[in-house]
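See below for the structure under consideration.
So that the names make sense, note that chain A is the first sequence line, chain B the second, and so on, each numbered from 1.
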There are 4 protein chains.
Amino acid sequence: MLYIGTVSATGQGIGRPRDRSLDGAILAAARELLAEVGYAQVTMDATAVRAGTSKAAIYRRYKSKAELMFAAGVHGAEANPPADTGSLRDDLFALGARIRADMSAPTAREVAPHVIAEVVHSPEVSQRLRGVFVATERREIEAILSRAVLRRELPVVPTVATVHRMLGGALFFTIMVIDERVDDAELARVVDALVAGIHALVGQT
Amino acid sequence: MLYIGTVSATGQGIGRPRDRSLDGAILAAARELLAEVGYAQVTMDATAVRAGTSKAAIYRRYKSKAELMFAAGVHGAEANPPADTGSLRDDLFALGARIRADMSAPTAREVAPHVIAEVVHSPEVSQRLRGVFVATERREIEAILSRAVLRRELPVVPTVATVHRMLGGALFFTIMVIDERVDDAELARVVDALVAGIHALVGQT
Amino acid sequence: MLYIGTVSATGQGIGRPRDRSLDGAILAAARELLAEVGYAQVTMDATAVRAGTSKAAIYRRYKSKAELMFAAGVHGAEANPPADTGSLRDDLFALGARIRADMSAPTAREVAPHVIAEVVHSPEVSQRLRGVFVATERREIEAILSRAVLRRELPVVPTVATVHRMLGGALFFTIMVIDERVDDAELARVVDALVAGIHALVGQT
Amino acid sequence: MLYIGTVSATGQGIGRPRDRSLDGAILAAARELLAEVGYAQVTMDATAVRAGTSKAAIYRRYKSKAELMFAAGVHGAEANPPADTGSLRDDLFALGARIRADMSAPTAREVAPHVIAEVVHSPEVSQRLRGVFVATERREIEAILSRAVLRRELPVVPTVATVHRMLGGALFFTIMVIDERVDDAELARVVDALVAGIHALVGQT
DNA sequence: GAATAAACGAGACGGTACGTCGCGTCTTAAG
DNA sequence: CTTAAGACGCGACGTACCGTCTCGTTTATTC
């Protein structure tokens with residue numbers, strides 16, 4: 001879900017080459033600890049020990065604990081846009097189901113609050129968040145809405161940001177803040193209401 | 001907005017009574033520092049100095065920095081339910097505007113992420129959050145929806161939780177996560193879509 | 001052994017009179033704790049609780065922890081000069097045995113090091129120590145030596161301070177510093193050597 | 001004079017080696033502060049600042065303030081046994097003069113009381129004290145007495161411990177407890193008495 | 001008998017130091 | 001040049017204790 005990205009250059013060239021297997025070991029160790037003890041209790045020392053390496057190796061790859069945690073909180077950030085289901089309603093449901101899954105991942109639940117805590121202080125984090133994560137979701141929503149227009153379900157594409165807010169917000173808020181699970185029935189209610197809202201936004205009664 | 005609550009007992013009874021003026025001084029100091037330097041940079045020592053007291057006095061009232069920050073992040077938690085505006089749409093707009101204001105407060109923006117970070121680990125925090133903050137908002141929404149039913153705008157009261165998720169979620173997500181401001185026009189779009197969604201939920205076309 | 005003395009005035013006169021039973025309760029509590037946990041681990045709060053009273057009552061009697069500990073470390077400071085045994089050697093042995101007993105008392109062993117730690121910094125403590133404790137012992141030694149002169153064991157009274165240093169020092173050093181017990185045989189050796197030394201000091205071969 | 005010894009392992013081997021220059025800086029800082037403000041007023045923070053380092057570096061070397069103070073109270077513990085002066089009396093005077101100097105050192109006067117305060121509670125401290133400090137002095141006294149036997153001043157070597165008690169005790173007691181200076185005349189009196197006592201111990205009239 | 005004045009218990013208060021912990025950097029030897 | 005190991009500077013945390021204070025209450029003496 002989140003993708004904030006690592007920072008360090010590859011370091012290819014002269015000298016001893018970087019041990020690529022450490023990349024995975026470090027991330028795996030970080031993810032495990034994240035899930036086991038939680039963000040605040042993860043320490044760089046413990047991560048290094050778990051990964052069978054040293055702090056120096058970690059700091060050569062991530063410039064801070066926050067960077068490492070961000071990286072560890074990311075699934076793969078791979079763009080796997082849900083396929084066309086044939087209707088606006090089902091497309092939104094499929095997207096909602098994927099977002100729900102992403103947000104429910106333990107590592108995501110650990111890391112997300114700390115990312116949004118930094119948003120206020122770091123324009124850079126704020127921009128990376130919008131540029132990668134938000135932009136991806138909005139692109140997917142735009143694709144879904146465009147398909148609906150092609151399908152003649154909608155006359156025009158409504159404000160993408162508004163749709164995004166309502167779908168993503170409802171899920172984020174419920175899962176992260178209210179700490180409730182979203183079952184399929186509830187997701188269906190949200191999506192149904194959202195579809196009605198979308199029609200209202202584009203001026204259909 | 002947030003109310004997590006202090007923990008310490010009142011201490012009434014025998015012995016020197018708590019200096020009630022310190023309660024305010026400590027909270028004020030914490031709020032000022034929170035707004036000035038941000039959650040992570042607030043220190044208990046600095047708070048004590050700013051409040052003109054000592055760490056011991058703070059720890060007599062809050063059992064950790066987190067508790068103090070939570071308390072400081074609370075506005076007043078006063079229930080000031082928006083008055084009846086005469087229509088469902090305007091009632092929701094007014095409520096949305098108040099929630100927007102609460103969430104935009106600097107102290108709330110600082111503290112909220114840390115609260116939701118603890119939700120996963122502390123059932124107690126989770127319950128306090130739901131029991132106070134969420135319950136209050138849902139009660140207000142229920143009142144609004146009930147008035148709409150009385151007004152014959154709606155045939156029955158729809159699922160309150162769903163409405164809450166969509167309104168609160170859209171605002172929280174936009175303000176805290178996406179880090180965008182919500183102007184009146186955008187709030188109107190959200191509320192309009194939500195009203196349409198509410199009608200859909202209760203089975204009107 | 002040590003007598004440093006309490007400080008507070010009696011407080012007789014108008015108002016509620018001091019509860020004299022507290023005097024004993026406080027001292028007893030302090031002595032018990034001193035023996036149980038040691039000087040550093042005795043706290044004023046614990047002493048108050050043990051004595052069934054409050055810190056205020058203690059601080060009305062002693063102006064600091066050090067004062068209380070000093071008082072608690074004192075036996076009775078009662079002057080009970082050993083009776084005339086009939087010979088210099090036996091008089092010194094009897095005195096040595098009493099000093100040995102005083103120094104071996106658990107409370108004395110706890111308090112004495114802290115008293116001598118203050119000697120360097122507080123001329124007042126230094127003077128009180130010399131004026132009460134040292135002066136008493138030297139008076140006793142002078143009495144013993146005078147009796148020996150009367151008995152014709154010695155031609156004149158030697159330097160009292162030197163005799164005091166050697167007897168008191170040997171015992172203090174062995175018990176407090178070297179942490180060895182002084183049995184009667186060893187005490188006898190010390191006293192015998194001291195008697196010979198005394199004769200040397202007054203010029204007898 | 002006192003040697004209690006540091007505790008931490010050398011830390012030789014892999015990893016960044018201990019900065020040996022810090023060892024000296026920390027000890028020097030501790031000694032300075034000890035002499036300037038006294039044991040109780042020395043703080044670990046101030047010591048760290050004075051040494052140009054951090055508390056962590058100190059605690060890596062000493063496991064508590066007491067350990068550091070003990071180490072700082074030690075002169076050099078270098079065994080510099082006084083040379084043969086040609087007579088028992090002068091050998092003892094020379095040794096007494098050196099002990100007097102050691103005990104008069106400000107750091108020793110500060111630390112010694114606290115060491116002997118711990119003797120009662122810590123068998124380890126008690127043993128270290130006896131094993132290093134007492135053993136060294138007794139070895140020196142034994143050497144002196146053996147030379148006297150070779151010189152035919154004495155028929156046999158008397159009980160070393162008794163001689164040690166009387167010499168060391170008289171000095172310790174006078175300097176640390178009674179808080180009086182020991183001038184050469186007084187030291188001579190003590191030594192003369194002691195020599196007579198030694199002869200008595202070995203059976204000469 | 002009421003007023004006064006101080007002792008009492010309980011416990012909060014300001015201050016200060018302790019010892020611990022984690023971050024991110026630096027330094028070594030080994031590869 | 002990377003790695004493993006671990007020391008380093010920094011700075012905050014939460015705890016503990018001292019000696020003071022502020023209450024409400026109790027207990028004598030004085031008016």
Side-chain angles (χ1 to χ4, degrees), chain A residues 11-19 22 40-46 48-49 51-66, chain B residues 11-20 22 40-46 48-49 51-66, chain C residues 11-19 22 40-46 48-49 52-66, chain D residues 11-20 22 40-46 48-49 52-66:
Chain A
Q12 81 289 20
I14 46 187
R16 175 171 171 175
R18 209 173 263 183
D19 184 345
L22 280 183
Q41 277 65 49
V42 175
T43 69
M44 300 305 268
D45 280 282
V49 169
T53 179
S54 61
K55 276 201 296 180
I58 298 179
Y59 278 104
R60 211 166 285 112
R61 290 167 171 77
Y62 305 95
K63 67 171 183 248
S64 70
K65 175 180 173 180
Chain B
Q12 81 291 17
I14 43 193
R16 176 172 175 174
R18 286 268 172 84
D19 184 344
R20 287 289 130 194
L22 277 184
Q41 275 65 49
V42 175
T43 71
M44 300 306 268
D45 279 285
V49 168
T53 181
S54 62
K55 271 203 295 183
I58 299 179
Y59 279 105
R60 218 169 281 118
R61 290 167 170 76
Y62 306 94
K63 65 173 182 248
S64 68
K65 176 179 172 181
Chain C
Q12 82 290 19
I14 45 186
R16 176 172 173 175
R18 284 264 173 89
D19 184 344
L22 279 183
Q41 276 65 49
V42 175
T43 69
M44 299 305 267
D45 279 283
V49 168
T53 179
S54 62
K55 276 202 294 180
I58 299 179
Y59 278 103
R60 216 169 281 117
R61 289 166 172 77
Y62 305 95
K63 68 171 184 247
S64 69
K65 175 181 173 179
Chain D
Q12 82 291 21
I14 43 191
R16 176 172 174 174
R18 286 270 172 84
D19 184 343
R20 286 291 130 194
L22 277 184
Q41 276 64 51
V42 175
T43 70
M44 300 304 268
D45 279 285
V49 169
T53 179
S54 61
K55 271 202 296 183
I58 299 178
Y59 279 104
R60 216 170 281 117
R61 289 167 172 76
Y62 307 95
K63 65 173 180 247
S64 67
K65 175 180 172 180

(request) Could you encode protein contacts along nucleotides 14-20 of chain F as a string, one character per nucleotide from 5' to 3', using B for base contact, S for sugar-phosphate-only contact and - for no contact, with a heavy-atom cut-off of under 4.0 Å? (result) BB-SSBB
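Every side-chain contact (heavy atoms from CB on, under 4.5 Å) that B:A46 has, sequence neighbours left out, goes to B:L33, B:T43. Contacts of C:A56 classified as side-chain contact (heavy atoms from CB on, under 4.5 Å), with partners at least two apart in sequence or in another chain: C:S54, C:R60. Residues satisfying the side-chain contact (heavy atoms from CB on, under 4.5 Å) test with B:A66, not counting sequence neighbours, are B:Y39, B:S64, B:F70, B:E118. Residues satisfying the side-chain hydrogen bond (donor to acceptor under 3.5 Å, both in side chains) test with D:D19, not counting sequence neighbours, are D:S21. When the salt bridge (charged side-chain N to carboxylate O under 4.0 Å, His left out) test is applied to D:K55, the partners found at least two apart in sequence or on another chain are D:D45.
Residue B:R18 places no side-chain N or O under 4.0 Å from the OP1 or OP2 atom of E:dG11. The side chain of B:R20 places no N or O atom within less than 4.0 Å of a non-bridging phosphate oxygen (OP1 or OP2) of E:dC13. For D:T53, a side-chain nitrogen or oxygen approaches OP1 or OP2 of F:dG9 to under 4.0 Å. The phosphate of F:dC8 has OP1 or OP2 within less than 4.0 Å of a side-chain N or O from D:R61.
Spacing between atom CD1 of D:I58 and atom C1' of F:dC10 amounts to 13 Å, rounded to whole angstrom units. D:L22 has its CG atom 13 Å from the P atom of E:dT27, to the nearest Å. Protein atom CZ of B:R60 is 12 Å distant from nucleotide atom P of E:dG11, rounded to whole Å.
Of the candidates E:dG14, E:dA6, F:dT3, the closest approach to any side-chain atom of C:I14 belongs to E:dA6.
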(request) Check the pair D:I58 / D:K65 against side chain to side chain contact (heavy atoms under 4.5 Å, CB included), numbers first and verdict last. (result) CA-CA 9 Å; D:I58 299 178; D:K65 175 180 172 180; over 6 Å; no
